[in-house]
Protein chains: 2
Amino acid sequence: MQNIEDLNTFIRIVEAGSISAAAEQLNTVKSAVSQRLSRLESRLGVQLIQRTTRTQSLTDAGHQYYHSAIEIVEKMAAAEAGVKNQNQALAGRIKLAVPQSFGLMHMSQPLRFFNQQHPEVVLNVDFNDRQVDLLHEGFDLAVRVSQLVDSNLVAKKIAQTHMILCASEKYLQRHGRPKTPNDLRQGHYKLKYAQAKNNWEFKDQQGKTHLINLPTAMIANNGEFMCDAAIDGQGLVLLPDFICSAAIHRGQLVRLLPDYICQNPLNIYAIYPPNKHLPRRVRLLIEFLANYFAGYEFL
Amino acid sequence: MQNIEDLNTFIRIVEAGSISAAAEQLNTVKSAVSQRLSRLESRLGVQLIQRTTRTQSLTDAGHQYYHSAIEIVEKMAAAEAGVKNQNQALAGRIKLAVPQSFGLMHMSQPLRFFNQQHPEVVLNVDFNDRQVDLLHEGFDLAVRVSQLVDSNLVAKKIAQTHMILCASEKYLQRHGRPKTPNDLRQGHYKLKYAQAKNNWEFKDQQGKTHLINLPTAMIANNGEFMCDAAIDGQGLVLLPDFICSAAIHRGQLVRLLPDYICQNPLNIYAIYPPNKHLPRRVRLLIEFLANYFAGYEFL
DNA sequence: ACACATTGTTCAGTAAATAAGAACAATGTT
DNA sequence: AACATTGTTCTTATTTACTGAACAATGTGT
């Protein structure tokens, strides 16, 4: 089968009227053009152009092939442009998965912003806490809150959160107001996030770590529910700032041990398949989110 | 612009369902197929196939490109087959030029034979004594009677003729019956072919050359006319056997000095442009003529 | 008819592209 | 959890294509 470049060269030779002229138009030397034509003729087993050093004329076969060649080269270019545009045009769908709590509380606004800025992009947002399978379910992007990250997926960190220990005034009045991690060891109860470890880690300003294991008052796998339970006075809770900040701001919860770093910080990632050629709109959205959350304060 | 082989590989990958299977179908190794796909995607700047080591699925772009690719590859194959067939099929026109006298007298029969054997070939025969310009006038083939041959054209010898000295009985009765070249020097006249040299050369059986220069009774540039003039007794004439043999056979002319070789033999050539890819029908005709005239006796 | 510039081809050397094969990590299955 | 199979990557080898110069062919203009 032929090389497209040879076809293109043949067309140029015909239209330019000579091999030398074609070479110039193709930004190469005449010997290369001559070789391409010879090669094409050899592979076809047909003389395409009857030529002397001064004149050239298409043979019957050449005439016929010329028209086919034009069609092929045009189709090729069209096919290429088709998919290239598809990638570079913003227009298109982005299917993304976001965690339910974080998504509803903090991604609603940026996603609406993005949609206003790029109305030709259709966002298809799936709020879902299960670990969706990006590749098999056709997701372009997922937002994940976690410390660890799947292998074989690319993760770009877009925000960092902190874990905050808090309780309601009602709880504190009943169980006391701890000032150090050690104060927790007596008469306190925790609300446990289902997948979290049993131990709480607190790091003081000297960098020393304090491991605390409290009796559990309740277990759940939903941050907002736990936040509500804490507001209700059910126990101490260690929550990411993006969940509890608003309640603290409203005075429903009180932040405890503010001078200690609680647990390891959680990162928020944009996760996507390791495509060499990510559609532009997806790249753009990732960038937009990273910018949006840079210096963002959760309240 | 893309390499067609990459397109074809992409199609095979899609249809075979995996890179390994495609490699097998394409008689190559999977690494090569993987590279071709990567290359294609890179040049397009788009992911075509979303793949893990176990599953593969076309992206939107891939789906679109797949259909274009099939069209292109098919068009390519069709264009190729089109011109290849045109060359290998016998059907088609052969435009050939033949000298008038020789053509009418000795090529009429073989050409009719050829046409019967290959009725799908259309012969376009131009009887013409001028030197046609093969390349510019679109001739596939010319038959030439000459000692020398143009450069830059390919010549295949298809027959050899001999020059025969002859005269009519009427002439001989009036001027005597020469037995040796020397006998010619007294009381003889020649009919001269326009483009021929003035001297006649005769080689005897010992290889000795005799140069004879006779007074000219008449000059013409047509062999048949000269033959008729000789029959009429106008003079001695040196004619190629293909012109005078019939008259000798009929007793209208007498061959003189049969033991001497007259002049250099003339060759008959099939002449054609130096195409690397001569259409099959033309090659066939050349071969046919060479066979036909091998061992042919002009009478 | 003749020198002349220009053209297309060829050749040898070089650069680039591609293929091959081994090693490796990913993945789904038994 | 072991396993076979898959796709990718890397290095090496091979093939292919380009380059630039030399050359012969050809038409032009004098």
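Throughout, a chain's letter reflects where its sequence line sits, starting with A, and its residues are numbered from 1. Only this structure's heavy atoms are used, side chains among them; waters, hydrogens and symmetry mates stay out.
- Remark: P of C:dT9 and CG of A:Leu37 are 7 Å apart, rounded to the nearest angstrom.
- In this structure, the CD1 atom of B:Ile19 is 18 Å from the P atom of C:dG21, given to the nearest Å.
- A straight line from CD of A:Glu24 to P of C:dG8 spans 12 Å, rounded to a whole angstrom.
- For A:Gln35 against D:dT16, no side-chain N or O and base N or O form a donor-acceptor pair under 3.5 Å.
- As a whole-Å value, the separation of B:Leu26 CG from C:dA19 C1' is 13 Å.
- B:Asn27 has its CG atom 13 Å from the P atom of C:dG21, to the nearest Å.
- Distance CG (A:Asn3) to P (D:dA17): 7 Å, rounded to an integer number of Å.
- Between the side chains of B:Gln25 and B:Arg12, a donor-acceptor pair is found at a separation under 3.5 Å.
- We find that B:Lys95 and B:Asp126 are not joined by a salt bridge, their nearest charged nitrogen and carboxylate oxygen being 4.0 Å or further apart.
- Residue B:Thr28 places at least one side-chain N or O closer than 4.0 Å to OP1 or OP2 of C:dA20.
- Here the side chain of A:Ser18 is nearest to one of D:dA21, C:dA19, C:dG8, namely C:dG8.
- Of the N and O atoms on the side chains of A:Tyr66 and A:Glu15, at least one donor lies less than 3.5 Å from an acceptor on the other residue.
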(request) Begin with the C-alpha distance, continue with both residues' side-chain angles, and end with the deciding distance and a verdict on side-chain contact (heavy atoms from CB on, under 4.5 Å) for A:Asn222 and A:Tyr193. (result) CA-CA 7 Å; A:Asn222 181 285; A:Tyr193 185 68; 5.7 Å; no
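- For the OP1/OP2 pair of D:dC18 and a distance below 4.0 Å, the side-chain nitrogens and oxygens of A:Arg39 include at least one atom meeting the criterion.
- Closest-nucleotide positions on DNA chain D for B:Ser20 and A:Lys30 were compared, and the one nearer the 5' end corresponds to B:Ser20.
- Below the 3.5 angstrom threshold, one finds no donor paired with an acceptor across the side chain of B:Ser34 and the base of D:dG7.
- Set against D:dG20, C:dA20, C:dG8, the side chain of A:Arg51 has C:dG8 as its closest nucleotide.
- Residue A:Glu5 contributes atom CD, which lies 12 Å from atom P of C:dT18 at whole-angstrom precision.
- Nucleotides of DNA chain D nearest to A:Thr55 and A:Ala32 differ in position, and the one nearer the 5' end is that of A:Ala32.
- Look at CD on A:Gln56: it is 13 Å from P on D:dG27, rounded to the nearest Å.
- Side-chain nitrogen and oxygen atoms of A:Arg36 include none within less than 4.0 Å of the OP1 or OP2 phosphate oxygen of C:dG8.
- A donor-acceptor contact closer than 3.5 angstrom links the side chains of B:Thr52 and B:Thr55.
- Among the nucleotides C:dG21, D:dA21, D:dT26, the one closest to the side chain of A:Thr52 is D:dT26.
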